[in-house]
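Bear in mind the structure is a predicted one, so any value in this text is a computation, not a measurement. The sequence lines fix the lettering, A, B, ..., with proteins before strands; numbering per chain opens at 1.
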Protein chains: 2
Amino acid sequence: MSVEFDQLLLEPAYRKVATAIAERILDRRLREGERLPPEMELARQFGVNRSTVREALRELESNGLVSRRPGSKLMSVSRPQPGAVAEGVSRALVMHDVTFLEVWEALTMLEPPIAEAAARARTAADLAQCLEAAERFSSDNEATERAVLHAADFFRSVGRATHNQVLMLAQEPLLQLLVPSLQVMIDQVQQARARIAVAQHRICEAIKARDGQEARNWMTKHIRDFRKGYELARIDPSLRIA
Amino acid sequence: MSVEFDQLLLEPAYRKVATAIAERILDRRLREGERLPPEMELARQFGVNRSTVREALRELESNGLVSRRPGSKLMSVSRPQPGAVAEGVSRALVMHDVTFLEVWEALTMLEPPIAEAAARARTAADLAQCLEAAERFSSDNEATERAVLHAADFFRSVGRATHNQVLMLAQEPLLQLLVPSLQVMIDQVQQARARIAVAQHRICEAIKARDGQEARNWMTKHIRDFRKGYELARIDPSLRIA
DNA sequence: CGTGGATCAATTGTCGGACAATCATACGAT
DNA sequence: ATCGTATGATTGTCCGACAATTGATCCACG
């Protein structure tokens, strides 16, 4: 028997409303695509003011559980977009002063097995996407910004080839954090673009041949190159990411 | 020259306010722990109504960028708590109908290298935490719920030993998704508890000896056991997680 | 001088109502 | 059937208000 009292949690009404709606969404009583009742109706059902309902909706909206189709004002239930979710994670990591070293270490762990899984699970369409992504990098890498975005997109295309949503979502924040620091590095290292292109090419070939081991190996080299690039550019890898 | 027009984005005011404040937090002009100006003051500065400011604050609040110290009503800038961030990711994954197989595959990729890194980077305090977590599982695993939570906490303690916040945050959603399905499995497989305890013990020993390879190996077995458990319990691993 | 309590101002949570802009829908003209 | 139009519904934003609770200040007291 505990002698202590539970810390009584007095949640504001807007929070209760938010969790109540979120619950209905998560247990599928409100299904995806279905439109949400109007704010007035929700206010009536919950017995609160419309302002309160609106504050709750803002929370759900920022979690991606509700959204509106572009050019519409009606709110409908939606599955959170991976990019948006990952953005929240990225911001959290930035606030925690993550360093490039930490991001790089995570990439080192995650990407090679992803490449291996992609080689096993890829479909013809996946392979085409990987090839296209590599081609985009090769043919349009002069502008720093575009080069970096294409490099990240290549990782995304490999991730999609795994057909594992968990991996895609785990990978996304890393890519978002990689982009800004890669942008600094890539212009200071002459051979960077060429080496990236080669690695992408090899990875694609391995994925095409369904050679998991080879895909993993080249991805390992690819990631290791990032680290080397930072050393060559004399960027301190233990600096926090902007 | 592009002939197309950019899709003009008309954001509602509450969104502009939210991003404006978020920007100031992320670039450290508003530092952590600092208290946020009162709603009225913000409304004055942005030239909008207090209701609008409040909607913006709800968004920031759900992103964890602002929060209040328990038992206080004053909002202050805060770094997002990993648990809360991961919860958003978990919900996103649930909405995307992730299967146990996907979660398990991600764990297979992520946990062994984490264990290896932990063996390298751990401090004495980290080791103590791992041992405590393992001990808690061994000594308090009768109640299903507690056993499962302790099993997850063991992973967390190993994650902390890596001193890599990216890894900790990447791992957290996986653990949150593992818990409910592990809860179903662990009671249907006789030897599950014992095998988990042994694996934890071996991993701890390897971490203590700073033997990365051994830590990785035992973690690999540990994760593989989960899969076997599901087969023994005759749970379809391609079922979506509740 | 520090401590504790009492007082007052500040702040938040919630409410009610209001209005313009915009979107959804139904209807009628072509 | 397609297109444009009128009407109603819904959202975004504003205003003002009030109770409850917290933060801050000050004073008495040991």
What I want to find out is whether [X] reaches [Y] closely enough, with some N-O distance under 4.0 Å, to be called a salt bridge.
X: B/Arg68; Y: B/Glu61; result: yes
X: B/Arg79; Y: B/Glu32; result: yes
X: B/Glu172; Y: B/Arg156; result: yes
X: B/Arg58; Y: B/Glu55; result: no
X: A/Arg193; Y: A/Asp187; result: yes

Tell me every residue that passes side-chain hydrogen bond (donor to acceptor under 3.5 Å, both in side chains) with B/Thr19, counting only those two or more places apart in sequence or in another chain.
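Per chain and number, B/Thr19 pairs via side-chain hydrogen bond (donor to acceptor under 3.5 Å, both in side chains) with no residue.
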[X] [atom1] to [N] [atom2]: how many Å, rounded?
X: A/Glu41; N: D/dT10; atom1: CD; atom2: P; result: 9 Å
X: A/Arg58; N: D/dT13; atom1: CZ; atom2: P; result: 9 Å
X: A/Met40; N: D/dA9; atom1: CE; atom2: P; result: 12 Å
X: B/Arg15; N: D/dT13; atom1: CZ; atom2: P; result: 11 Å
X: A/Leu57; N: D/dT13; atom1: CG; atom2: P; result: 14 Å
X: A/Glu11; N: C/dT14; atom1: CD; atom2: P; result: 10 Å
X: A/Met75; N: C/dC23; atom1: CE; atom2: P; result: 15 Å

Apply the test side chain to side chain contact (heavy atoms under 4.5 Å, CB included) to residues B/Asn63 and A/Arg91: give CA-CA distance (whole Å), side-chain angles for both, the deciding distance (0.1 Å), then the verdict.
CA-CA 9 Å; B/Asn63 282 18; A/Arg91 295 204 289 193; 2.2 Å; yes
Please write out the pairs of protein N or O atoms and N or O atoms of nucleotides 15-18 of chain C separated by less than 3.5 Å, giving the distance to one decimal.
unit_1: C/dC15; atom_1: OP2; unit_2: A/Asn49; atom_2: N; d: 2.7
unit_1: C/dC15; atom_1: OP2; unit_2: A/Thr52; atom_2: OG1; d: 2.8
unit_1: C/dG16; atom_1: N7; unit_2: A/Asn49; atom_2: ND2; d: 3.2
unit_1: C/dA18; atom_1: N6; unit_2: A/Arg50; atom_2: NH2; d: 3.2

How about A/Asn49 and A/Thr52: does a side-chain donor come under 3.5 Å of a side-chain acceptor?
no
Check nucleotides 3-7 of chain D for protein N or O atoms closer than 3.5 Å to its own N or O atoms and list the pairs.
none

Those residues that, when tested against B/Phe137, pass ring-ring contact (aromatic ring centres under 6.0 Å, His included) (two or more places apart):
none
Within less than 4.0 Å of OP1 or OP2 of C/dG13, is there a side-chain N or O belonging to A/Tyr14?
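True: A/Tyr14 side-chain N/O within range (under 4.0 Å) of C/dG13 OP1/OP2.
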Can you see if the side chain of A/Arg54 gets near the phosphate of D/dT10 - specifically, an N or O under 4.0 Å from OP1 or OP2?
no
Tell me whether the count of non-hydrogen atoms from other residues, nucleotides or ligands lying under 6.0 Å of CZ in B/Arg28 goes above 12.
yes
Categorize B/Arg69 for me: base, sugar-phosphate, or nothing, with a 4.0 angstrom heavy-atom threshold over every strand shown.
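Since no nucleic acid heavy atom lies under 4.0 Å of B/Arg69, the category is nothing.
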Once salt bridge (Lys or Arg N to Asp or Glu O under 4.0 Å) is applied, do any residues pair with B/Glu132, and if so which ones, sequence neighbours excluded?
none
Protein-nucleic acid N or O pairs under 3.5 Å, nucleotides 5-11 of chain C:
unit_1: C/dT11; atom_1: O2; unit_2: B/Lys73; atom_2: NZ; d: 2.7

